[in-house]
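Chain letters run A, B, ... following the sequence lines, proteins first, then strands; residues in each count from 1.
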Amino acid sequence: MGGSTELLMSTDIDLKSRARSLGKETLLGLHLQLIRIRLFEERAAELLEAKEINTACHLYIGQEAVATGVCKALRNTDLIWGNHRSHGHYLAKGGDMRSIMAELLCKATGCAKGRGGSMHLYNKEIGMLGTVPMVAATIPIGVGAALAAKLKKTDDVSVAFFGDGATEEGIFFEAINFAALHKLPMIFVCENNYMSSHLPLTDRRTTEKLFELVAMNSMHSIRADGMNVIEMYDLSTEAVERARRGDGPTFIEAETYRFRGHVGPKDDLDVGIRDRDILQSWIDRDPILQLESLLVSEGYTTAAKLETIRKQVLAEVADSVEFARNSPDPDGSGVLDHVFIGGAK
Amino acid sequence: MRKLNYGLAINEAFHQCMERDDRVFILGQGVLNPWYVGETARGLDTKYGPSGRVIDPPVSENGMNGVVIGAALAGMRPITIHPRLDFLNMGLEQIINEASNWAYAFGGQQSCPCVFRGIINRGGEQGAQHSQATQALFMHVPGLKVVMPATPYDAKGLMIAAVEDDNPVVYIDDRWLYAEEGYVPEEYYTVPLGKANTIKAGKDVTIVAISYMVKLAQEAAMILAQDGIECEIIDPRSLTPFDDDHVFSSVKKTGHVVVCDSGWKTAGVAAEISAKIVENVFDSLKAPILRVTLPDAPAPSNKYEELAYYPTARHIVDAVKKVCGAKQAPQFAVASSNGVSAS
Ligand SMILES: Cc1ncc(C[n+]2csc(CCOP(=O)(O)OP(=O)(O)O)c2C)c(N)n1
């Protein structure tokens with residue numbers, strides 16, 4: 001069998017030709033999804049500042065290309081699994097803004113009926129059967145879903161999104177080993193944003209090359225530019241094909257960065273746990289600006305059209321806030337409901 | 001009436017569940033091992049191994065619990081097996097954080113139908129980490145169903161019910177019961193979760209006993225009968241959901257209670273059952289409740305220390321005599337009749 005561990009670096013030229021092979025429609029679709037996540041998250045940040053959202057939110061701003069590229073390669077019946085930072089995963093997999101915004105306000109119309117809040121998102125229709133904030137917890141759960149697909153003989157794929165911090169949990173290696181051993185249709189997407197809460201990766205590991213962690217498991221493993229949605233989409237497509245063919249799991253380390261702080265709307269510069277220059281160097285590689293400049297320079301769209309799209313998305317965001325605000329709170333009478341499916345007896 | 005031992009009753013449940021429902025599969029540590037799980041996995045691998053439905057996994061308890069949760073969420077009906085509750089302790093995160101919460105945290109939209117089978121495997125000088133009976137941990141957590149069969153009949157019927165249930169079920173069996181023989185119907189049947197069983201009727205004292213303690217309670221009842229004390233033995237069978245009414249109505253009849261559990265005393269199953277009784281049927285009590293449990297100490301290895309450590313029928317006899325010997329109502333019952341509420 002023999003997996004491969006490869007390091008991919010995309011050059012400018014090859015990106016343009018990859019863009020051409022994707023075609024205008026796909027490129028604009030990717031762009032729209034990036035913008036949807038960004039503007040949704042920026043509005044969520046404002047509502048957090050205003051204390052209208054009170055559930056703990058871990059914003060995805062800066063990392064949009066990862067969820068967007070991966071989910072574009074998936075179909076509806078493929079399952080994705082997330083963590084505490086999953087607003088982007090929800091939207092990228094096809095979740096509607098209303099149901100997630102209402103969940104952030106913990107309203108009864110939210111995707112988890114107001115029970116979950118930001119860290120427990122759920123939407124069966126889009127193949128998202130639950131995100132949870134226990135670091136690394138959904139990695140084996142994702143593998144279990146991949147095992148289910150194999151036993152049921154569907155060619156569905158299961159994808160676990162998790163951060164660099166999650167690779168420090170023992171359960172990560174348990175899941176990797178099992179998925180490799182049973183050649184499961186599984187994709188591990190490690191969003192390496194080089195931070196776990198307040199600790200940089202260098203304070204937690206002797207290597208920053210996380211894609212090498214799984215090398216001993218004979219698993220295909222690649223490092224991707226997580227700020228580049230085209231590369232993310234291409235590599236994910238390959239991983240999905242490999243999984244559907246029955247050729248086993250893939251590990252993708254997506255190098256990326258979150259522009260906001262660990263939790264909440266601020267950037268964590270205020271509390272002295274991040275370096276301003278490092279942050280700026282990543283902001284300079286903003287995945288949305290990168291794609292937009294390519295789209296315009298290569299003639300796929302114009303600045304004016306991009307502005308129109310931005311306005312449309314802002315309207316979608318505003319509508320979701322309106323919807324959430326007008327939705328009822330759970331009234332407390334059902335607080336003991338659903339401890340068990342089918343009631344307590 | 002066909003008789004089967006407890007271990008083979010579990011085995012028959014596995015075979016029948018797998019035969020009837022393609023969604024059922026077993027991810028069980030030691031299912032390919034000749035001694036880890038007794039006879040409970042007999043013949044499964046030959047029959048279902050080729051289709052991938054019997055897997056003896058790497059030693060990754062928490063990871064494997066996660067795998068069965070994920071498979072359950074994705075539409076399967078998995079069973080995982082941990083040959084000792086001590087080993088299962090390595091996998092508590094997925095059970096206590098994930099499986100138990102899934103229905104509630106997502107507003108009742110998603111079921112997580114999986115069975116975590118853990119075996120109590122103690123005695124024989126195995127020591128502190130090969131002996132534990134940690135059922136109280138699971139009973140404590142909302143969102144988990146917990147069952148502990150005491151008889152071959154229940155061992156089969158509760159396993160089938162656990163597999164059929166839409167919720168995560170912790171199924172705990174005790175190797176000290178594996179050789180017990182009893183009536184087990186050949187056909188597929190369930191013992192409903194949350195239904196207690198009266199093992200023996202009697203008017204003087206209620207012995208609430210679970211799992212292996214039921215056997216000891218039966219021995220104790222025979223001894224006590226010679227002294228003219230008629231014991232009623234109630235086996236809750238499920239710790240969650242708990243059949244309150246069944247236990248309470250027995251207590252109302254006898255007014256005397258001894259609660260027997262194979263786990264530790266403090267904050268344990270017997271403590272919880274006692275509290276339920278005190279909160280709900282306090283006025284019926286003619287004496288304080290006594291508990292027969294493990295002492296609050298880890299398990300020893302040496303055989304003489306084991307003899308001193310594990311409760312026997314004699315302990316239950318003594319407890320019953322003490323409870324029934326109380327000539328008059330104790331202090332707290334007097335307070336209650338004066339209108340002071342028990343809860
Ligand atoms: C099991 C567990 N331990 C600790 C935490 C607290 N915690 C929340 S997020 C986080 C950092 C996770 O970092 P990473 O996995 O890289 O994800 P990121 O926040 O960077 O997206 C920690 C330690 C937790 N939620 N779960």
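- For chain B, the option among A:Gly116, A:Ala175, A:Ala137 with the highest count of heavy-atom pairs below 4.5 Å is A:Ala137.
- Legend: residues meeting ring-ring contact (aromatic ring centres under 6.0 Å, His included) with B:Phe87, ordered by chain and number and at least two apart, are B:His130.
- In this structure, the side chains of A:Ile341 and B:Trp102 stay at 4.5 Å or more apart for every pair of heavy atoms.
- Remark: A:Glu125 engages no residue in a salt bridge (charged side-chain N to carboxylate O under 4.0 Å, His left out) (not counting sequence neighbours).
- Side-chain atoms of A:Lys150 never come within 3.5 Å of backbone atoms of B:Gly52 as a donor-acceptor pair (strictly under, hydrogens ignored).
- Surrounding NZ of A:Lys113 are at most 12 heavy atoms belonging to other residues, nucleotides or ligands under 6.0 Å away.
- Contact tally against chain B (heavy-atom pairs below 4.5 Å) for A:Leu147, A:Asp156, A:Leu181, A:Leu79: the top residue is A:Leu147.
- For B:Pro142, the parts lying under 4.5 angstrom from a heavy atom of chain A are both the backbone and the side chain.
- Taking OG of B:Ser100 as the start and CZ of A:Phe340 as the end, the distance is 9.0 Å to the nearest 0.5 Å.
- At a threshold of 4.5 Å between non-hydrogen side-chain atoms, the residues A:Val132 and B:Asn97 do not count as touching.
- In this structure a side-chain-to-backbone donor-acceptor pair under 3.5 Å is missing from B:Tyr104 to A:Leu336.
- In terms of heavy-atom proximity, A:Val339 sits nearest to B:Gly143 at CG1-N, 3.4 Å.
- Both the backbone and the side chain of A:Leu129 come within less than 4.5 Å of a heavy atom of chain B.
- Rounding to the nearest 0.5 angstrom, the gap separating the CZ atom in B:Phe106 from the CG atom in A:Leu121 is 7.5 Å.
- Side chains of B:Gln94 and A:Ile171 form a contact here, defined as non-hydrogen atoms less than 4.5 Å apart.
- Among all heavy-atom pairs drawn from B:Gly63 and A:Pro140, the shortest one is O-CB, 3.4 Å.
- Contact annotation for A:Thr131: only backbone heavy atoms (N, CA, C, O) come within less than 4.5 Å of a heavy atom of chain B.
- When all heavy atoms of B:Ala74 and A:Ala148 are compared, the pair lying nearest together is CB-CB, 3.7 Å.
- Among A:Glu103, A:Met134, A:Met119, the residue making the largest number of heavy-atom pairs under 4.5 Å with chain B is A:Met134.
- Within the 4.5 Å cutoff, no side-chain heavy atoms of B:Gln109 are placed close to those of A:Lys124.
- Residue-environment remark: CD (A:Glu52) exceeds the threshold of 12 foreign heavy atoms within 6.0 Å.
- Counting heavy-atom pairs closer than 4.5 Å to chain A, the top residue among B:Asp22, B:Thr240, B:Leu144 is B:Leu144.
- Summarising the geometry, atom CD belonging to B:Glu98 is positioned 8.0 Å from atom OG1 belonging to A:Thr138; distances are rounded to the nearest 0.5 Å.
- Minimum heavy-atom separation, B:Ala105 to A:His120: CB-ND1, 4.0 Å.
- Heavy-atom neighbours of B:His15 NE2 from other residues, nucleotides or ligands within 6.0 Å: above the threshold of 12.
- Contact annotation for B:Glu93: only side-chain heavy atoms (C-beta onward) come within less than 4.5 Å of a heavy atom of chain A.
- Looking at A:Asn177, the atoms closer than 4.5 Å to chain B (heavy atoms on both sides) all sit in the side chain, from C-beta outward.
- At least one side-chain heavy atom of A:His182 sits under 4.5 Å from a side-chain heavy atom of B:Ile55.
- Options B:Cys112, B:Gly108, B:Pro78, B:Gly75 differ in how many heavy-atom pairs under 4.5 Å they form with chain A, and the most are formed by B:Gly108.
- With sequence neighbours left out, A:Phe40 forms a ring-ring contact (aromatic ring centres under 6.0 Å, His included) with no residue at all.
- Annotation: residues 42-51 of chain B contacts chain A through B:Ser51 [non-hydrogen atoms, separation under 4.5 Å].
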